[in-house]
Amino acid sequence: MLDQCRYNRRTMRARQFIPEVQRVLEERGEPTYRLGQAYAALTGSLVRDWEEATSLPQGLRRTLNLEAPAAVLDLRRTWRATDGTRKYLFYTHDGHAIETVMIPEKGRHTVCISTQVGCPMGCKFCATGLLGIKRNLNAREIAEQVFVAARDIAPERVSNVVVMGMGEPMLNYNETLGALKVLNDPDGFGLAARHIALSTSGLVDKIRRFADEPEQFHLAISLHTPFEDERRELMPVAARHTIPELMEAARYFVTRTRRKLFFEYTLLAGVNDQPRHVEALAELLDHPLYHLNLLRFNWTDTGFSATSKRDAREFLRYARELGLSATLRPSRGQDIDAACGQLAAKDLRGRPQGMAQPVAITLGE
Ligand code: SF4
């Protein structure tokens, strides 16, 4: 009975994730179980060419390669930083560039993925925000970024996925969640939900919806300042949702899930790194499940500059002294411009193809 339930669940997920494969199978009159085999080959064996899917008959593999290719993203280039960080440049079938970063740290391998081509949120310190939005990525394009990174680092395994690359994932909610469910699916990629985190600039309705999802995914909210007027300056989304509204949604999330909630805070020199900011944060984030993630700004051409290392450490020290649970995240992959900062995506600005150069990427909202 359990096997039948699991079989049905896998078939349903496969129908949503690879509808074009299902169409080909139906046209050929293939038995239903072939869909599950194709799904397992893509999400478990991580095939990028149906010829690698040896559980499928040869004729079917050939047809699938022609009519529903296993890879939907074209991996154009990979960079490797001296600290082990890797960055992948992909092109979508309609010619858009997106990037993905893999960060090795203390035996873990975290993959940071994108959910949109560009981003409409317009955060002032983020180069992606300056580009505007081209389109949403679909679930397959989102999940495939992880599959490629996983193949690349094998036999090591991907231990964490963070949805902190290009785009506001909650504006592409259904496709993003569809991808995360496949990544979490024991019959798919099989990564535990607690190893998957999504970051949002603060769309309160979606934060509540996310809290109601059955999976135990983690959530991070980009705060960047505890003051309303400053937040409106830095993040246009703040005009839509005030900080009290945001904190109400945050409270809903922790009450509903009993999970730790992360607040992302990029330290910008002279803008949001003063003692008064720490003091206001200590009041705002006074909850045992709240955690403040500090990050020094990585330079991009947005007019901001980074808080010095010394001042950042002092900010952290004062935050802890005032009782906040807080950490200062190190920057990674700076020599290939893959550090937490801004996804400049020069390719999105129409740089001629074949001239790929390192670009900077946002690893945090
Ligand atoms: S910080 Fe995140 S939400 Fe804001 S513009 Fe950049 S990618 Fe979009």
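Every number for a ligand or one of its atoms is a count from 1 in the order of the listing. The residues of the chain are indexed from 1 along the displayed sequence.
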> Can you list the steps and then say if Met235 with Phe125 is a side-chain contact (heavy atoms from CB on, under 4.5 Å)?
Replying inline: CA-CA 9 Å; Met235 305 175 73; Phe125 49 86; 4.2 Å; yes
> Which ligand 1 atoms are under 4.0 Å away from a heavy-atom of Met121?
Replying inline: 3 (S), 8 (Fe)
>> Within the 4.0 Å heavy-atom shell around Cys119, which atoms of ligand 1 are there?
In response: 3 (S), 5 (S), 7 (S), 8 (Fe)
> Looking only at side chains, do Asp187 and Tyr7 share a donor and an acceptor under 3.5 Å apart?
Replying inline: no
>> Using the rule given for ring-ring contact (aromatic ring centres under 6.0 Å, His included), can you reason through His277 versus Phe227, listing the C-alpha separation, both sets of side-chain angles and the distance that settles it, and then say yes or no?
In response: CA-CA 8 Å; His277 291 96; Phe227 300 117; 5.3 Å; yes
>> Could you check whether Arg135 pairs with Glu141 (Lys NZ or Arg NE/NH1/NH2 to Asp/Glu carboxylate O, under 4.0 Å)?
In response: yes
> Hey, is atom 4 (Fe) of ligand 1 within less than 2.8 Å of some N/O/S atom on Cys126?
Replying inline: no
>> Show the atoms of ligand 1 that are less than 4.0 angstrom away from any heavy atom in Gly167.
In response: 7 (S)
> Which atoms of ligand 1 sit under 4.0 Å from any heavy atom of Gly122?
Replying inline: 5 (S)
>> If the cut-off is 4.0 Å to any non-hydrogen atom of Gly129, which atoms of ligand 1 fall inside it?
In response: 5 (S)
> Can you find a side-chain donor-acceptor pair between His291 and Ser325 that sits under 3.5 Å?
Replying inline: yes
